[in-house]
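Before any comments, here is the structure.
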Amino acid sequence: MESTHVATGSAAHSGMGTYLKPPKYRGWRAMPLPLLAAGAGIGAVVLLHFRDPHVEGSYGICPFYALTGMYCPGCGGMRAVHNLTDGRIIDSLHSNLIAIPLLFGLALWVGAWAVHAWRGQRLVLPKMERSTMWVLLSLIAVYSVFRNTPWGSWLAPL
């Protein structure tokens, strides 16, 4: 790895994450990629608002569900975003419990990326400890299994 991509010294190992090299430009000249990412996200949310995923066949079918008949961790995610844009928060959480926190986390990350690019600062990629990653993956696996059981039917997508 080139030394320009990772900061040297104690900052690289302080638990804050990996520092990418600073952008060449500041202000509007540094904004194309963050704005493109934000525009793609906003466009997807607008599309989900106007084209209802509750209508069968409007976006196809989940391949995992088609093959196994079980819900994957993402099943109901598009319906959750659609319900959220309609202001039905409880229905949104019922469609997919993890989609909304993931959506807001992604929006915060893209926002931070845009602010850092505007200021000409380095983007800090979040660092995740191996134990934290395994805990999150385990929680997603438990969520996926539980929502496919009779006891977790309240987690099944609407």
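We're numbering straight along the sequence, starting at 1.
Scanning all heavy atoms of the two residues, the minimum distance from Ala117 to Met31 falls at CB-SD, 4.2 Å. When all heavy atoms of Pro34 and Val110 are compared, the closest pair comes out as O-CG1, 4.0 Å. For the pair Phe64 and Thr68, the tightest heavy-atom approach, listed with the atom from each and the gap, is O-OG1, 2.7 Å. Smallest separation of non-hydrogen atoms from Gly77 and Ala99: CA-CB, 4.0 Å. Taking each heavy atom of Ser95 and Arg147 in turn, the nearest pair found is O-NH2, 3.4 Å. Pairing each heavy atom of Ser58 with each of Pro53, the nearest pair is OG-CA, 3.5 Å.
Trp154 and Phe146 have perpendicular rings, their planes meeting at more than 60° on a 0 to 90° scale where under 30° would count as parallel.
Between the side chain of Tyr143 and the backbone N or O of Leu97 there is at least one donor-acceptor pair closer than 3.5 Å. With Ser92 contributing its side chain and Arg88 its backbone, the two residues share no donor-acceptor pair below 3.5 Å.
Listed by first and then second residue, the salt bridge (charged side-chain N to carboxylate O under 4.0 Å, His left out) pairs involving residues 38-66 amount to none (not counting sequence neighbours).
The distance from the CZ atom of Arg79 to the NE2 atom of His54 is 6.5 Å, given to the nearest 0.5 Å. Distance check, rounded to the nearest 0.5 Å: CG of Asn83 to CG of Leu93 gives 9.5 Å. Remark: Asn96 CG to Cys72 SG distance equals 8.0 Å, nearest 0.5 Å. In this structure, the separation between CD1 on Ile98 and CG on Leu103 is 12.5 Å, given to the nearest 0.5 Å. Going from atom CZ of Phe50 over to atom NE2 of His82 covers 10.5 Å, rounded to the nearest 0.5 Å. Note that the CD1 atom of Ile100 and the CG atom of Leu84 stand 4.5 Å from one another [nearest 0.5 Å].
No side-chain heavy atom of Leu155 sits less than 4.5 Å from a side-chain heavy atom of Tyr71. At a threshold of 4.5 Å between non-hydrogen side-chain atoms, the residues Met70 and Cys75 do not count as touching.
Hydrophobic clustering, with ILVMFWY side chains joined whenever heavy atoms are under 4.5 angstrom apart, keeps Val142 apart from Leu137. The same ILVMFWY cluster, assembled from side-chain heavy atoms under 4.5 Å apart, contains both Met78 and Ile89. Clustering ILVMFWY residues whenever any of their side-chain heavy atoms sit less than 4.5 angstrom apart, transitively, puts Leu106 in a cluster other than the one holding Trp113. If you chain together hydrophobic residues whose side chains sit under 4.5 Å apart, Phe104 and Ile42 never meet in one group.
In the displayed structure, Trp134 atom CH2 is contacted under 6.0 Å by at most 12 heavy atoms of other residues, nucleotides or ligands. Few gaps surround CG on Leu47; more than 12 heavy atoms of other groups in view lie less than 6.0 Å from it.
A search for side-chain hydrogen bond (donor to acceptor under 3.5 Å, both in side chains) contacts involving His49 returns Thr85, Asp86, not counting sequence neighbours.
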